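Scroll down for the structure; my scribbles are underneath it.
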Amino acid sequence: MNKIICVLLTICSTLGFTASSYSANVDELMNPQYENKITLANMGQVQGIVFRGGQKDAGVTFTLPIDQFVTQAQLTLDITASDAIKDSEASLQVRVNGEIIGSIPLSLAQELKTSYTLDVPSVLIGSNNILSFGLRTEQDNLCLLDGNQAVQQVKILASSSLEMTAQQLDIAADLSFFPSPFWDVQNMLDNPIQLVFPKHVTQSQISAAGSLASWFGVQATYRGVSFVVSKDELPLNNAIVFGAPGDKVGELVLPKTDVPLLKVVVNPRNPLYKLLLIVAEDGAGMRSAVHRLSQLDFKKQQDSISVLKEAAITASEPYDAPRWISTRNPILLSQLVTNEQNMTSKGIWHNSIDFSFRAAPDLFLWDGETIPLNIDYSFPPDAWIDAESSFLNVVFNGQFLQDLPVNKRGALEQLWNRLGGDTRQEKASLPIEPYMIYGDNQLSLYFNVKPRKDLPCGTALDSNIQSRIQNTSTIDLSHTQHFSLLPNLSFFVGASFPFSRLADYSQTVFWLPAEPSTVQLQTLFNLNARSGSATGAVIYQNQVILGTPKSLDAFNGKDILAITSMVSTKFNRLLLASSPFIEQDNTLHIKEKGMSERLLNWFQGNWSLSGREADRYFSSNESWRGFISFESPWSAKRTVVVALASTDQQLAKLDSDLKNQLINAGIRGDAAVITDDNGVTSFNVSPQFPSGQLAWYKMAIWYANQHSALFALLTLFIATILGVAFYRRLEQKARQRLNKE
Amino acid sequence: MNRLLCILLIIVLAPAISAIVITPMDSDKQFVFAIVSLAILFLLNLSKRRDVSIILIIFSILTSTRYLYFRAEQTLIFDSMVEGILGTGLFLAELYSWVMLILGYIQTAFPLNRKIVPLPKDVELWPTVDVYIPTYNESLDVVRDTVLAAQCIEYPKDKIKIYILDDGKRNEFASFAVQAGVGYISRTDNSHAKAGNLNNALKQTRGELICIFDCDHVATRVFLQATVGAFLQDSNLSLIQTPHHFYSPDPFERNLYGKHDIPNEGELFYGRIQKGNDMWNATFFCGSCAVLRRSALEQIGGVAVETVTEDAHTALKMQRLGWNTAYLPIPLAGGLATERLGLHVIQRNRWARGMVQIFRLDNPLLGKGLNIPQRLCYLSAMLYFLFPLPRIVFLTAPLACLLFNLNIAHSSAALIFSYALPHFVMSLVVSSRLNGRSRYSFWGDIYDMALTFHLALPTIITMLLPKRGKFNVTDKGALLDKSYFDSHIVKPHMVTAVVLILGIGWGIYRALGYSIFVADPMVIALNIGWASYGLFFLFAAIAAGRESRQIRSTVRLDAHIPAVIHYESGVLSKSYTLDISMGGCLVALPSQHFTDNVETIELQLQSGAVAIPVKQVAVTEQGYRLKFSDMSLADRRELVRIVLSRSDAWVKPPRKPDNPLRSLATIASCVVDVMNDVIKEKANMKKNSSAVPERKIGDNI
């Protein structure tokens, strides 16, 4: 009876430390207390938890950093319930890690939000926890269907939260804990990772930190990761320190070493916190050290390691990012299924089967072509299913695609069905329009199984039916090509494109002012982490240039990601010299276009350029941050993306802007300005250029496609040439015909 | 510009041409393409130059090919078998239309305006001519004037011989032939109908050239002088065809558009297509009003007998042997049109079957002797008659969506509309530009629509079993003394119209959201528009089925011929005619007006005076309206010479140029007129129904 349809989660084995590894005799000052608040949304239940129909159990996991010890905890539940529930004398049982901590009578719940607070014994909370809920009634069968079969709901809102007081623990300085305690994959509180540099930061240190940032990005869950950078100053926290042997960072002097060194030491400012030192003389050493670090696999109770051998780092091929769906072959949906679900739905009430995949953002299909989503599915054979009103809902990226029926829908098939023939539909091919594919995609299949109306409620509850997506189901991107118009900032914010075309950034240069500020570095690393999470690859091959490059050849064949703010005037002038943008009096402007250029743009069909509007917008806002992008003046068909802001304070807000769905989606075109008041505003300042892997003759067709007005004139031109030629020929022929001898 | 250069040019431009055809676009871009294309079209169309016409033809072909490629490439994806079958059917119908559009352009791109080749001064050099007038069951009244007119043809008496080829073996025809002084040939059997009749005569006469008139085709007296010269100029010429001009109204003119000045159904073929065929040396024989070379005919074993359209097949066989054909676009003979829609259907049924027979038995694409344009011209003539099935498909296709919610083209409404719009408008405007003086826009739809249901089955059966079928003679010259509705002929049209109206109603109902079926309003709107378009022409075809009362049409000539009036009292008075026809004349009142009845009128012609007994019908301010009584054959012949065989008897000034929108409005007003007439008549009938017993006329079709 008690069918548990809760999210199955494996409990990870706790990391190797014991209670003895923290010392009890640390004084209060050195042993800080934390006030943590985790909401259901933080735990990943952005929609809250909903009990539908006959569903009775649900649960969610939450995790805490391993070096924190909870001393007090309180759970606040915000609940709404529909009327029928109130009359049912049902109650909501709450458990933490299996222990009942309380039961809420739902008769008190309202349609509007009702809040309940429960104390949670702190001993129940570890680093991995399950918070579970159960609906309990006195009746055996909770038949939560009213006469219209509309489902009654109990909803635990996403705003429900767990408030905890925690204490910092002292864990051993042990490399094998890495990435703990510097960062915990399961940390639900978005604590930033602290990165520390010497006073004069070098290109190779930034490059290595960038690689490491992207590695964190790869590891991060949907919550992402962020960084705080300091120079020549140790934070009162766990931190990762980059530097050359003998460099002084705050009160710490980096150890002298001939080979690249990874070492965990106690933070001199507070021994509860640890520092990871990444020390190497040069760029290659830094890169090997970070590479070694990202391989993990450290021996237990080892606090340092010298990286003796230069590791062979495999170079990327274009579009080989591990997280990007293959466009070589059709992909089985079973490979894309999320949360270790299988592709079977049991019973009548269940969750949707979810699939997710990332794709290169520059997938190209000709107008009219679509991506086939081939779904092979089977509804339960049971006769009590209402075949007319049961469907398989297909939702792609939040957009309803189609309801697939149980039986075939054609006129002949329906006739055959009336005659008692088998007309089950078990295959469907849905076309997905190319514009519906994003960088990050969610496919959701939900078997909306409806029992026949005359069926007693219990039968449906008892049944053990299975609806199934077959293993042969595929999505086929194999006839897409990589081709797009650049610059396109939405590609950049969605998938770090075009830099991620080569996922290790071997054709990317990071370009920053000569003495980059901590905020600028922080912004760079945040962007690097986004790249890692978008591609699943570490950007080992990135290059950094600070200030004026020795030679502009450094930019040859490279895409450039620049980070700056308007105060870095000298750098900005250099950066924007041959771009459509220009710096004047610490304000960004758009270069006025000449008549010939404007005519050319118009003639090429670029009618929606909004340079003047952008210029007005830039000059009318004092405090802003954003992105601009343009074709590289130093290398044709290459792109420059600049993250910039009026001040460093503004620049610091970019990371949270990018984590905001609304703002993220609003960044497009080649200039995007974000302000506190107006959110994001995007512009197309310059014409885009085509970039990608189309053969020349396909490029010709593509040009025709893009310039349909010109294309009509071409048609006229061809018709005129042929027409005049044929006319001459016909005239000649007519003369011959009339003068026949 | 020689041929090689043209081919080279096509090869050089092939990449650009294929880009134009295959470049896919979304609906927005395609709309831009469509609108710019149409703007170009309307601008270019302001110029009436002939080379611009050719440019527009190429433009239209490119656009339509682009549409068809889009249909083939993107829209043939179906969810169910039923949709697959219907959708493929629709695509095949569109493929057919595309082929016909291109063949039509090839045929009519550059029509040849052939001039008369004068005969040499030396009459000795003129070839001898046999004039054949084949008849089977037509009345002597019809045949008489044809024979007399043939006798009026100006040609050396020793070089022209006229024969009545009577398959009806009727005595009165034999005696008429003797009286008139022409040859009479009949035979023991009627095998191979008209073709057999002609072949029988061919064996019995000797003329170098054979001139053939159907028994209702009255020739002008210059007929041979206008046509024979071409044979002397081109020793390889086997046939010269002239237009079939009809002086009586065809069913569409009579029933539908009588009071409007609109090119009749045959004018497109004789005005434009045959001229175009002549350009490609592919004029074909139309059975009458033509002169053929005996040696060419004999080389192919006489007139072809394998099919029921012996004429076209004969020309094809001669051309396969390398003979040339020519078309002289001057009307040199006048005849009677088929009078009722029912008869028109029977006649076209024969043509359609015959052409399909040739397509199957002697396909112009295959076999020896023809060049490519010739093959295509003949192919066009034959494929044209396959129109019924595609027509029915186009007419009923929107029902799949409207009634059954089937999706027979995989595309959004906007996308398919953006592709179809330039294809449709361009082919319409370019066709109007090319053929506008011979056929106004949309009338072809009506003509085809009237036939389509009746020709569908015969063409399919003939396609499968080409050897079946026999010749049926088209009745002509019958009179209708009462209007009636030929429901037998338009019944399928009416059923289809009702179904379409239901479909449109159901579609609107669904689009307004009253139905449980989810329907895209744009798709429904597109289909409603499409169905309404078909329905409009269906109404016009139905209107053409209402047979209006017909009075014998006569050819009346406004001619001032000196005349002497003989009164009953014996008094004579000099006057002149105001008009004259084969039935009577209007004579101006003489200065001295007599109250006496007129007994005889004496017409003073150049060839001498002819006195014809008359009955006085009326006296008006203008003069005496006189009806001719029986007259001698010689007198009648003189009358024919004046009235029917004048050299310019059938020459008319050209029609006004076409305007598609005006044409559409005209059709609408014609349909409304017919409906008003029907309503008025119904009201009258109710009043008189007790008095007059109903008589069914027309059951003898």
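Just so it is clear, the values below take in all heavy atoms, side chains as well, and ignore hydrogens, waters and symmetry mates. Not measured: the values here are computed from a predicted model. So you know, we letter chains A, B, ... as the sequences are listed, proteins then strands, and number each from 1.
- Nearest approach of A:R737 to B:R114, heavy atoms of both residues: NH2-NH2, 3.4 Å.
- Atom CZ of A:F717 has 12 or fewer heavy atoms from other residues, nucleotides or ligands within 6.0 Å.
- Both the backbone and the side chain of A:A709 come within contact range of chain B, judged by heavy atoms closer than 4.5 Å.
- The local environment of CD1 in B:I7 is crowded, with over 12 non-hydrogen atoms from other residues, nucleotides or ligands closer than 6.0 Å.
- One finds the CZ atom of A:R729 at 13.0 Å from the CG atom of B:L9 (value rounded to the nearest 0.5 Å).
- Residue contact with chain A, scored on non-hydrogen atoms closer than 4.5 Å, involves the backbone and the side chain of B:D278 alike.
- Residue A:L710 holds its CG atom at 11.5 Å from CZ of B:F33, rounded to the nearest 0.5 Å.
- For A:Y727, the OH atom is densely surrounded, since the number of other residues' heavy atoms within 6.0 Å is greater than 12.
- Note: A:L730 CG to B:I106 CD1 = 10.5 Å, rounded to the nearest 0.5 Å.
- Residue B:I54 comes nearest to A:G723 through the heavy atom pair CG2-O, 3.4 Å, listed as atom of the first residue, atom of the second, then distance.
- Residue B:C6 comes nearest to A:A725 through the heavy atom pair SG-O, 4.2 Å, listed as atom of the first residue, atom of the second, then distance.
- Counting heavy atoms from C-beta on, the side chains of A:T715 and B:I40 never come closer than 4.5 Å.
- With a 4.5 Å cut-off on non-hydrogen atoms, B:F59 touches chain A through its backbone and its side chain both.
- Tested against A:L722, the residues B:I17, B:I55, B:I61 include a single side-chain contact (heavy atoms from CB on, under 4.5 Å) partner, B:I17.
- Using a 4.5 Å heavy-atom threshold, the side chains of B:M25 and A:F711 count as touching.
- When heavy atoms are compared at a cutoff of 4.5 Å, B:R66 approaches chain A solely by way of its side chain, counted from C-beta outward.
- The choice from B:H410, B:E73, B:Q74, B:Q30 that makes the most heavy-atom pairs within less than 4.5 Å of chain A is B:Q74.
- With a threshold of 4.5 angstrom between heavy atoms, B:I57 does not approach chain A through any atom at all.
- Interface check for chain B: of the options A:I718, A:T720, A:L716, the most heavy-atom pairs under 4.5 Å are formed by A:L716.
- Rounded to the nearest 0.5 Å, atoms CD1 (B:I20) and CG (A:L714) are 4.5 Å apart.
- Each of B:V117, B:L112, B:L415 has some count of heavy-atom pairs under 4.5 Å with chain A, and the biggest count is that of B:L112.
- Between the side chain of A:N705 and the backbone N or O of B:T23, no donor-acceptor pair lies under 3.5 Å.
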